[in-house]
Amino acid sequence: MSEPTAQIAFAMARLATLQRAAIWRQAGLRGLTATQVAILHALARHGPARVGALAGTLGVTQPTLSDALAALVAKGLALRSADPADARARQVCLTSVGAAEARALDETPAALSEALERLPVAERGAMLRALSGVIRGLQRAGAIPVERMCVTCRHFRPYVHEDAAAPHHCGFVDAAFGDGLLRIDCGDHAEATEEEARTTWARFAAMA
Ligand code: SF4
């Protein structure tokens, strides 16, 4: 590993430690575990989900997820119901109390939010662009589950507009946008096929 790569990995590890500590602190104060907090946030962001899909999103085993889910159901924060798309399948969603609990739990420590907000817009855009590439590489290596990023979304059309500040297009909302609004986790994401994602990435990366 080159020294710059090691330094970037070290920086990421420091930020992850900060974030994890903040989540543990909040979870402890509210009588929850970190996995339960992650479930609340995932359901709040993406809506109802099947247990298998939720386990994949969070990168945990189904038994681990089921235990955490059972605790959330017992606390009245989540409930299981039939999946409207398939009567034989079950899904899980938040109760109104669970939704309020998710809103009360900050995913990002305030100090980190403030430090990121202080960055110039162009630097935040560059970070989102670079992180999209890193996460895509991890996904392709099978190291992490698929994230709902613009660069893997079939609605994403990079560099189709002449405006340098907003060269990309989101087909879902039919609007142009720039790197600063790239999404790493989008509720409207529609997973592209492998071929579509490869073509999209080639066009996106070529214009760096
Ligand atoms: S739907 Fe979301 S992930 Fe897809 S292109 Fe639009 S903003 Fe990006």
Side-chain angles (χ1 to χ4, degrees), residues 12 15-16 19 23 37-60 65 83-86 91-94 99 102-103 105-108 112-113 115-117 119-208:
M12 287 180 159
L15 296 177
Q19 188 125 11
I23 288 174
V37 171
I39 292 171
L40 291 176
H41 281 147
L43 292 175
R45 273 201 307 271
H46 305 306
R50 293 188 190 176
V51 171
L54 195 53
T57 298
L58 299 179
V60 298
L65 187 92
D83 185 339
D86 180 353
Q91 66 175 13
V92 59
C93 63
L94 293 179
R103 282 194 297 275
L105 287 156
D106 285 331
E107 279 187 270
T108 308
L112 179 56
S113 298
L116 290 171
E117 287 290 342
L119 289 176
V121 172
E123 286 188 19
R124 286 207 300 268
M127 281 183 83
L128 283 168
R129 192 182 174 95
L131 289 170
S132 294
V134 172
I135 293 171
R136 179 176 181 272
L138 290 169
Q139 283 178 188
R140 286 174 64 81
I144 58 171
V146 171
E147 296 294 341
R148 304 172 191 216
M149 303 189 293
C150 287
V151 295
T152 60
C153 178
R154 65 175 41 171
H155 297 305
F156 183 52
R157 297 202 277 284
Y159 296 103
V160 293
H161 297 292
E162 295 198 349
D163 182 354
H168 316 311
H169 195 86
C170 170
F172 184 80
V173 293
D174 194 21
F177 67 104
D179 284 352
L181 291 179
L182 283 168
R183 303 293 297 271
I184 301 292
D185 182 27
C186 174
D188 301 319
H189 178 269
E191 193 171 346
T193 64
E194 186 59 35
E195 179 60 30
E196 288 170 337
R198 199 169 25 244
T199 305
T200 297
W201 178 258
R203 183 178 177 87
F204 179 70
M207 303 295 279

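What you see below is based on every heavy atom in this structure, not just the backbone, and it leaves out hydrogens, waters and symmetry mates. Read the numbers this way: they start at 1 and go in the same order the structure lists the ligands and their atoms.
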As a test of understanding, state which of E191, E195, E196 forms a salt bridge (charged side-chain N to carboxylate O under 4.0 Å, His left out) with R154.
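When E191, E195, E196 are each tested with R154, the salt bridge (charged side-chain N to carboxylate O under 4.0 Å, His left out) holds only for E196.
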Grab the two heavy atoms, one from [X] and one from [Y], that are nearest each other, plus how far apart they are.
X    : Y    : result
F156 : L182 : CZ-CD2, 3.9 Å
M149 : I184 : CG-O, 3.3 Å
T152 : Q139 : CG2-NE2, 3.8 Å
L54  : L43  : CD2-CD2, 4.1 Å

Atom 6 (Fe) of ligand 1: which protein N, O or S atoms are under 2.8 Å away?
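C170 SG, with waters left out.
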Quick one: list whatever passes side-chain contact (heavy atoms from CB on, under 4.5 Å) with A175, sequence neighbours left out.
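Once residues adjacent in sequence are excluded, the partners of A175 under the side-chain contact (heavy atoms from CB on, under 4.5 Å) criterion are V173.
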